[in-house]
> 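Supplied in structure tokens, the structure appears directly below.
We're numbering straight along the sequence, starting at 1.
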Amino acid sequence: MKILWAILLALGVISAPLSARGDEFEKQLATAKVMAQEFKIPSPQPSGYAPNDTIYFSYYPPQGVQGRAPGLILLHFLGVKNNADLKNAAQYAAARGIAALVMTLPYHIERQVPHISPYDRFDSNTISDIKQSFSQSVADVRAVTDWLTARPEVDPQKLGILGASLGAIITHLAMGQDNRLRAGVAFEGGGDLQKIRQRNFLGSLLLRRKHKPLTPAQIEELKSVDPMTYANNNRPRRVLMVQAARDAVIPPQAGEALWEALGQPPIQWIDTNHIALKLAGTSSIRAAYWFLQAAWRGDEEAIRKTPKIHVPTLKFGWITGLDSRLTPAVQYQALTLGQRNHMALLGANLGLSGRGPFVGLAATATPFIDLGFAYRLNGGQGLKPYASFHVVF
């Protein structure tokens, strides 16, 4: 493993996306120290579980603003244990003149109910549980939006919302039901909850959760909390979608379906899986901040120039070929040539297998299989065919 990372660092192919050393944005983020103010208000749509029926949020006042500042609500992913990542993003936003609010979604962190996990509610086989959890989430977003608009330092005409995974689904739902939220960023969300339930391979595997088939009546019932139902209401406003091409939690088809329903808003595809966004470093915060400011200004040209989010494509699994029938391997997709289904059509890979380091050029057959040719760097004799069987993070 050390040999592989040494090769990657020497070639400079991972330093920028993973660390952004020397980047002015990184320096500003590191020095942004806006103190949070902690608040709690009652949920307007109580669940009946006392711990869950109080909304907790951290508020970061805007700094250095003359007049009223934009306001931003940030929402976390499913099963989060703390809000550290979003609080870092909120600190940076506040330091740049945005009133940032990090809200805890129902059944998470301070709102945890004994013996009930967030997965039991948002990914339940009982449709009434799913409806209650999503409906309460949207109602809570509306409540903190009310709270934000009442702040004298916040401009009620410049409100936005940002969410990741579950938070991204809630972002789409909230924007479709509250026209005060005029800009949004949704990281790895989607629509068509029935499709998400059916194809959430990674979630089902890790949680050992088997989804029961839904009846037509249940599918119809689920639509009341599906972003697809409210997509038409969100068309006049601005949302940046960020989707993972190899997502095994939110299937790419769910992102594409919602993108079409929303009228094809700005979208960025990253050639990774669901959890890889954590490797984006500051590029995800940079893109979100740029897009929101441009959307609030109504600046179409700036929206089109939203910076790209950079996430490394890391493959872990097994390869056959290269003088081995089957050996474990880790690979970094250093170069992408063309695209198919938002993934690399051809990828130049730097890898380390049980037979040593190698470089290869392979076609993406499926999200989990590459076929190509490679050269071993420790005694290989010319290019040899190989196949890679992997998962991507």
Side-chain angles (χ1 to χ4, degrees), residues 1-11 13-18 165 187-188 199-208 242-255 268-281 309-378 380 383-393:
M1 181 66 74
K2 290 182 178 179
I3 296 174
L4 174 61
W5 286 109
I7 294 171
L8 300 182
L9 287 168
L11 292 175
V13 294
I14 63 170
S15 58
L18 291 182
S165 191
F187 292 105
E188 300 176 329
R199 302 190 183 185
N200 183 355
F201 170 75
L202 186 60
S204 300
L205 180 66
L206 295 180
L207 298 173
R208 299 179 183 178
V242 180
Q243 304 294 140
R246 305 178 193 241
D247 203 325
V249 175
I250 306 291
Q253 297 89 339
Q268 291 190 23
W269 286 93
I270 50 179
D271 191 6
T272 57
N273 208 328
H274 194 74
I275 61 177
L277 197 62
K278 284 183 171 290
L279 301 178
I309 295 173
H310 299 287
V311 184
T313 303
L314 303 175
K315 306 170 184 178
F316 298 85
W318 301 80
I319 64 170
T320 181
L322 290 180
D323 305 317
S324 175
R325 290 185 177 178
L326 195 65
T327 184
V330 57
Q331 301 172 71
Y332 169 70
Q333 187 172 287
L335 183 64
T336 296
L337 303 172
Q339 282 194 341
R340 183 172 63 87
N341 296 329
H342 313 297
M343 299 178 290
L345 179 62
L346 291 174
N349 300 303
L350 303 176
L352 181 64
S353 74
R355 299 299 298 270
F358 65 92
V359 294
L361 182 66
T364 304
T366 77
F368 312 104
I369 301 175
D370 286 353
L371 302 173
F373 292 86
Y375 176 78
R376 279 180 48 213
L377 300 178
N378 59 337
L383 287 175
K384 294 189 176 182
Y386 82 107
S388 173
F389 306 93
H390 51 257
V391 292
V392 170
F393 290 100

> Could you tell me the separation between the CZ atom of F373 and the CG atom of L322, rounded to the nearest 0.5 Å?
11.0 Å
> Do the non-hydrogen side-chain atoms of D271 and H342 ever get within less than 4.5 Å of each other?
no
> What distance separates N349 CG from Y332 OH, expressed to the nearest 0.5 Å?
10.5 Å
> Under the rule for ring-ring contact (aromatic ring centres under 6.0 Å, His included), what residues qualify as partners of H390, not counting sequence neighbours?
none
> Under the side-chain hydrogen bond (donor to acceptor under 3.5 Å, both in side chains) test, which residues partner D370, sequence neighbours left out?
K315
> So, taking the atom named CE in M343 and the one named OG1 in T313, what distance separates them when rounded to the nearest 0.5 Å?
11.0 Å
> What is the distance from atom CG of L371 to atom CG of L361, rounded to the nearest 0.5 Å?
12.0 Å
> Using a distance-only test with no angle check, is there a side-chain donor-acceptor pair under 3.5 angstrom linking Q333 and T336?
yes
> Any side-chain heavy atom of N378 within less than 4.5 Å of one from P357?
yes
> Kindly compute the distance separating CG (L345) from CG (L337), expressed to the nearest 0.5 Å.
8.0 Å
> Quick one: does F358's side chain get under 4.5 Å of Q331's, heavy atoms only?
yes
> Do L377 and V359 come close enough that some side-chain heavy atom pair is under 4.5 Å?
yes
> Can you see which heavy atom on A276 is nearest to which on V311, and at what distance?
O-CG1, 3.3 Å
> Return yes if some donor-acceptor pair links the side-chain N/O of T272 with the main-chain N/O of A244 below 3.5 Å, else return no.
no
> Any chance you could measure E188, atom CD, to N273, atom CG, to the nearest 0.5 Å?
8.0 Å
> Identify the heavy atoms of A344 and T364 that sit nearest to each other, and give their distance.
O-OG1, 2.6 Å
> Could you check whether any side-chain N or O of R355 sits under 3.5 Å from a backbone N or O of T327, counting only pairs where one atom can act as donor and the other as acceptor?
no
> Y386 and A362: which non-hydrogen atoms are nearest, and at how many Å?
OH-CB, 3.6 Å
> Please give me the minimum heavy-atom distance between I319 and A329, naming the atom from each residue.
CG2-CB, 3.8 Å
